[in-house]
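Notes follow the structure.
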Amino acid sequence: MEAKTNEALDTARETIDLFNSAKNQKVKDNLRDKLKHDLNKLYMSYDSINDKFILNDMLPKLELYNFQVNEVVYKSGLSIKKSFEDNGIETISAEYVRADDTISTKKLSFKDAFL
């Protein structure tokens with residue numbers, strides 16, 4: 001995830017440099033319209049006063065933080081349980097049973113299904 005984010009940051013830097021160094025106003029107008037729709041995905045912000053794009057470094061940090069929380073911290077119930085216990089919250093053990101994969105093929109009437 002970090003490599004993917006760094007690659008996207010490099011792309012954003014190159015795009016920002018291209019836009020900010022463009023001399024032709026038509027090129028800037030075209031790029032501005034296309035880039036404004038995906039600013040968050042591209043890790044950019046638009047400064048309308050100076051007509052420049054700037055790198056928004058908070059977005060990749062937020063993305064990496066969310067990935068860390070979702071994939072590492074809350075990935076297993078054990079880590080959540082341990083965290084709860086460390087913070088003084090009482091936990092219980094649960095047993096999970098896999099349901100059968102059989103599906104009933106009985107055709108229901110409208111009355112049985114909705115009334």
Side-chain angles (χ1 to χ4, degrees):
M1 181 67 185
E2 193 170 337
K4 179 182 171 187
T5 304
N6 286 334
E7 184 179 319
L9 276 170
D10 291 339
T11 303
R13 284 186 190 102
E14 290 175 16
T15 305
I16 289 168
D17 290 342
L18 177 70
F19 178 85
N20 292 342
S21 64
K23 303 294 182 199
N24 189 338
Q25 191 60 37
K26 286 184 181 182
V27 171
K28 283 185 125 175
D29 292 340
N30 189 13
L31 279 173
R32 185 183 314 105
D33 292 340
K34 290 182 180 182
L35 293 175
K36 276 188 173 181
H37 298 290
D38 295 323
L39 289 179
N40 286 343
K41 189 170 73 172
L42 298 172
Y43 306 137
M44 289 189 263
S45 297
Y46 179 66
D47 179 8
S48 59
I49 296 170
N50 297 321
D51 191 30
K52 290 186 176 186
F53 283 97
I54 54 175
L55 187 66
N56 187 347
D57 63 341
M58 292 304 292
L59 292 173
K61 290 176 185 175
L62 176 64
E63 195 171 274
L64 289 172
Y65 172 78
N66 287 335
F67 177 80
Q68 178 78 10
V69 167
N70 291 324
E71 294 297 319
V72 177
V73 176
Y74 294 114
K75 189 166 187 172
S76 69
L78 296 175
S79 63
I80 294 173
K81 183 179 177 187
K82 183 180 180 319
S83 176
F84 282 172
E85 289 170 350
D86 290 345
N87 289 308
I89 300 171
E90 186 177 332
T91 60
I92 59 171
S93 295
E95 290 185 30
Y96 297 98
V97 179
R98 183 176 290 273
D100 286 341
D101 291 336
T102 58
I103 299 174
S104 175
T105 58
K106 179 182 173 189
K107 190 168 185 172
L108 296 175
S109 67
F110 179 81
K111 182 179 178 182
D112 293 336
F114 296 105
L115 299 177

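No side-chain heavy atom of Thr15 sits under 4.5 Å from any side-chain heavy atom of Phe53. Side-chain contact check for Asp10 versus Glu7: every heavy-atom pair is 4.5 Å or farther apart. Here the side chains of Leu9 and Tyr43 are in contact, with some heavy-atom distance below 4.5 Å.
For the side-chain hydrogen bond (donor to acceptor under 3.5 Å, both in side chains) test, residues two or more places apart in sequence or in another chain that qualify with Ser109 are Asp112.
Of the possible donor and acceptor atoms, none in the side chain of Asn50 sits under 3.5 Å from a partner among the backbone N and O of Lys52. Between the side chain of Asn56 and the backbone N or O of Met58, at least one donor-acceptor pair lies under 3.5 Å.
Here Thr11 contributes atom OG1 and Asn6 contributes atom CG; the two are 10.5 Å apart, rounded to the nearest 0.5 Å. Atom-to-atom distance recorded for Ser45:OG and Lys36:NZ is 12.0 Å, nearest 0.5 angstrom. Note: Leu35 CG to Met44 CE = 4.5 Å, rounded to the nearest 0.5 Å.
For the pair Asn20 and Lys28, the tightest heavy-atom approach, listed with the atom from each and the gap, is O-NZ, 4.3 Å.
Other residues, nucleotides and ligands contribute over 12 non-hydrogen atoms within 6.0 Å of the CD atom of Gln25.
Cluster annotation: Leu59 is not connected to Ile54 through the hydrophobic network of ILVMFWY side chains, with a link wherever side-chain heavy atoms come within less than 4.5 Å. Leu42 and Leu62 are not part of a single hydrophobic cluster, where members link through side-chain heavy atoms under 4.5 Å apart.
A perpendicular orientation is assigned to the rings of Phe19 and Tyr46, their planes being inclined by more than 60° (bins at 30° and 60°).
A salt bridge between Asp57 and Lys61 is present, with a side-chain N of the basic residue lying under 4.0 Å from a carboxylate O of the acidic one.
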